[in-house]
Amino acid sequence: MKYYLIAGEASGDLHASNLMKSIKRNDAEASFRGFGGERMQTEGLQLVKHYKELAFIGFWEVLKHLRTILRNIKLCKQDILDFQPDTVILVDYPGFNLRIASFLKEQGIKVIYYISPQVWAWHASRVKKIQKVVDRMLVILPFEKDFYAQYGMDVDFVGHPLLDAMEQFPFNKNMHKDYRLDERPLIALLPGSRTGEIQSMLPVFVSLSNQFPQYQFAVAGLSQHGESFYREITGDSTVKIVIDETYSLLNIAYAAIVTSGTATLETALLDVPQVVAYKGGWLNYLIGSYVVNVDYISLVNIVMDEPVLQELIQEELDEGNLKLAFEKLLKEGNRDRFKEKYAELRKKLGGTGASVRAAEIIQQEVQRNENNV
C-alpha cells in the first residue's frame with residue numbers, strides 16, 4: 001500500500017514515525033511519502049518538505065509567511081496527486097492539514113486523521129468541517145471520543161503515543177558527565193520552543209537558581225536557537241544549558257518548571273513533579289483567552305479534569321509567585337501525591353500500544369476501501 005503522511009511539527013514527526021513502524025509490521029510492501037522530519041525518514045519516508053520549513057506559530061508569524069504557507073499547500077496537493085496514495089494520513093497540524101483534507105475529499109482520496117486537532121479547546125466549529133472531509137478520526141485523549149459524540153461523530157480512541165515513545169526512548173546515561181552536573185538534585189527548566197515565549201519566561205525561571213543554591217538548574221534548550229541564545233538570557237548564573245536532550249534531562253530531574261503544552265505531559269510521564277508556567281505575547285494571549293474553551297492550560301490538568309499541577313499564567317508569572325510555587329512543590333509528601341496522580345494519568349491515557357492500535361485501524365480502513373473499489 002502507498003501512504004502519504006503530513007506532520008508539521010517535531011512531535012508529529014515522532015508519533016508518525018512510530019505509526020509507520022507499526023504499519024510496516026503488517027505491510028512489508030508499504031511505501032511512504034510526505035511532509036515530516038528525520039524520524040519519519042528513518043522509517044522510510046520519501047521526504048518532500050521538512051516540518052522545520054512549515055513551523056509558523058502565532059497570528060503574526062502566520063500572516064507574515066502567508067505566501068510561503070500557500071505555496072507549500074499547493075506543492076502538497078500536486079505531490080499527492082502525482083503519488084496517488086491509497087490513503088493520506090494527517091497528523092495534527094490543523095491549519096495546514098484541514099485545507100489538504102478538503103482538497104482530498106474533492107479528489108475522492110481517503111483521509112485518515114491521526115491525533116485530532118484540539119478543536120475542543122479552540123475551534124469547536126471546525127467539527128462540522130472535520131465531519132465532511134475526514135473519513136476516519138483517531139484520537140489520543142480520552143475525553144475526545146465523548147466530545148466528538150456530542151456532534152454525532154464516531155471516532156476511535158487509540159491511546160496516547162507518548163507512552164510508547166517514552167518506553168522506547170534511548171535516554172542518555174551520561175548526562176552528569178556530559179554536562180558537568182554535580183550531585184545536587186537537578187531542577188529542569190523547560191521554557192518552550194518559541195523565541196518570544198522563551199525570552200519572556202526563562203529569565204523568571206532562572207531567578208530560582210539564586211534563591212535555591214541547594215539545587216542545580218539546567219535549561220532544556222533546542223538547537224534551532226543555539227546555546228548562545230540561551231546563554232544570553234541566563235547570563236552569569238550557574239544554570240547549565242542542555243541542547244536537544246529534554247527527555248534525558250527530565251529522566252534525571254528532581255523537579256521541573258515547565259511551559260504549558262505537550263511538555264507538561266512528557267514531564268508527568270517521566271514522574272517529575274512540576275510547576276506549569278506561561279507568558280506569551282499580549283496579542284496572541286488576548287486572542288487565545290477570548291476563544292479558549294478549557295479551564296486549564298496544561299494537558300495534565302485537562303486530562304485529569306482537576307488542578308494536579310499549579311499553573312502560573314501571564315501576569316501571575318513573576319519571581320515572587322514562582323518562588324512560592326516552587327517551595328510548595330518541594331514540600332514533604334508532595335512527591336507521593338504526584339506519583340499517585342501520574343499513575344492515574346497513565347491509565348486515563350490508555351496505556352502503551354497506541355501506534356499499534358492506530359496502524360491496525362488504518363490498515364483495516366484502507367483494505368475496506370480496496371475491497372469496495
Side-chain angles (χ1 to χ4, degrees), residues 1-48 51 76 80 83-94 97 100-101 104 109-117 130 133-142 144-145 148 153-170 262 265-266 269 346-373:
M1 295 293 181
K2 295 167 70 177
Y3 305 86
Y4 200 100
L5 297 96
I6 305 173
E9 298 164 316
S11 60
D13 180 39
L14 171 64
H15 300 321
S17 68
N18 285 329
L19 177 65
M20 291 166 64
K21 190 181 298 181
S22 295
I23 288 174
K24 288 189 294 184
R25 288 173 186 160
N26 295 323
D27 184 0
E29 302 301 316
S31 174
F32 302 103
R33 184 176 175 87
F35 289 32
E38 289 87 353
R39 289 186 173 95
M40 294 168 72
Q41 274 189 295
T42 299
E43 294 302 326
L45 181 79
Q46 299 172 48
L47 185 65
V48 178
Y51 68 80
C76 185
I80 291 171
F83 185 59
Q84 286 295 300
D86 294 290
T87 189
V88 175
I89 303 170
L90 308 175
V91 185
D92 199 359
Y93 198 51
N97 277 337
I100 297 299
L104 296 175
I109 299 173
K110 181 167 285 293
V111 179
I112 298 175
Y113 215 122
Y114 178 49
I115 306 180
S116 167
I130 289 171
V133 301
V134 174
D135 295 294
R136 197 80 179 255
M137 172 65 78
L138 312 183
V139 302
I140 64 172
L141 295 171
E144 290 179 317
K145 188 171 179 65
Y148 276 104
M153 189 172 174
D154 186 27
V155 303
D156 299 278
F157 171 58
V158 296
H160 205 295
L162 262 180
L163 279 80
D164 293 332
M166 293 296 184
E167 191 175 70
Q168 302 163 11
F169 194 80
T262 305
L265 202 55
E266 294 166 329
L269 293 177
R346 286 189 184 87
K347 289 181 182 178
K348 285 198 171 191
L349 291 174
T352 57
S355 302
V356 172
R357 289 187 287 272
E360 288 174 352
I361 292 170
I362 289 169
Q363 289 171 303
Q364 288 169 8
E365 191 70 18
V366 173
Q367 192 63 52
R368 186 181 300 117
N369 192 53
E370 286 290 306
N371 293 337
N372 291 335
V373 172

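Only this structure's heavy atoms are used, side chains among them; waters, hydrogens and symmetry mates stay out. Residue indices begin at 1 and follow the sequence shown.
- Classification of the Y4-F35 ring pair by plane angle, with boundaries at 30° and 60°, yields tilted.
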**Asked** Yes or no on side-chain contact (heavy atoms from CB on, under 4.5 Å) for I112 and M137, after CA distance, side-chain angles and deciding distance?
**Response** CA-CA 6 Å; I112 298 175; M137 172 65 78; over 6 Å; no
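- When every heavy atom of P94 is checked against every heavy atom of Y113, the shortest pair comes out as CA-OH, 3.4 Å.
- Interatomic distance, CD1 of I115 versus CD of E9, reported as 9.5 Å (0.5 Å rounding).
- Across all their heavy atoms, C76 and I6 have their closest contact at SG-CD1, 3.5 Å.
- Applying the side chain to side chain contact (heavy atoms under 4.5 Å, CB included) criterion to V133, with sequence neighbours excluded, gives A101, S102, K105, K129.
- Q46 is linked by a side chain to side chain donor-acceptor pair (under 3.5 Å) to R33, counting only residues two or more places apart in sequence or in another chain.
- A side-chain contact (heavy atoms from CB on, under 4.5 Å) with I109 holds for exactly one of D86, V88, T87; it is V88.
- Formation of a donor-acceptor pair under 3.5 Å by the R39 side chain with backbone atoms of G12 is not found in this model.
- Annotation for Q84: atom CD counts as buried by contact number, over 12 foreign heavy atoms lying within 6.0 Å.
- Atom CD of E43 is separated from atom CD1 of I23 by 10.5 Å, given to the nearest 0.5 angstrom.
- Contacts of K21 classified as side chain to side chain donor-acceptor pair (under 3.5 Å), with partners at least two apart in sequence or in another chain: none.
- Of all non-hydrogen atoms in Y114 and L19, the two that sit nearest each other are CD2-CD2, 3.8 Å.
- Residue V155 comes nearest to E144 through the heavy atom pair CG2-O, 4.3 Å, listed as atom of the first residue, atom of the second, then distance.
- Legend: residues meeting side chain to side chain donor-acceptor pair (under 3.5 Å) with E38, ordered by chain and number and at least two apart, are H50.
- Minimum interatomic distance between F83 and S31 (heavy atoms only, all atoms of both residues): CZ-OG, 3.8 Å.
- Residues R346 and L163 approach most closely at O-CD2, 4.1 Å, considering heavy atoms.
- A distance of 11.5 Å separates CG of N97 from CD1 of I89, quoted to the nearest 0.5 Å.
- From I140, atom CD1 reaches atom OG of S355 across 10.0 Å, with rounding to the nearest 0.5 Å.
- Using a 4.5 Å heavy-atom cutoff, the side chains of L162 and L349 are not in contact.
- Taking OG of S22 as the reference point, atom CG of D164 lies at 7.5 Å (rounded to 0.5 Å).
- In this structure, H160 NE2 and K348 NZ are separated by 14.5 Å, a value rounded to the nearest 0.5 Å.
- Residues satisfying the side chain to side chain donor-acceptor pair (under 3.5 Å) criterion with R136, sequence neighbours excluded, are D156, E365.
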**Request:** Begin with the C-alpha distance, continue with both residues' side-chain angles, and end with the deciding distance and a verdict on side-chain contact (heavy atoms from CB on, under 4.5 Å) for I362 and L138.
**Result:** CA-CA 9 Å; I362 289 169; L138 312 183; 3.9 Å; yes
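- Inter-residue side-chain proximity for N18 and Q168 is flagged as met; some heavy-atom pair is nearer than 4.5 Å.
- Applying the ring-ring contact (aromatic ring centres under 6.0 Å, His included) criterion to Y3, with sequence neighbours excluded, gives F32.
- Looking at Y148 and V139, their side chains come closer than 4.5 Å, going by heavy atoms from C-beta outward.
- Between I130 and M153 there is a side-chain heavy-atom pair separated by less than 4.5 Å.
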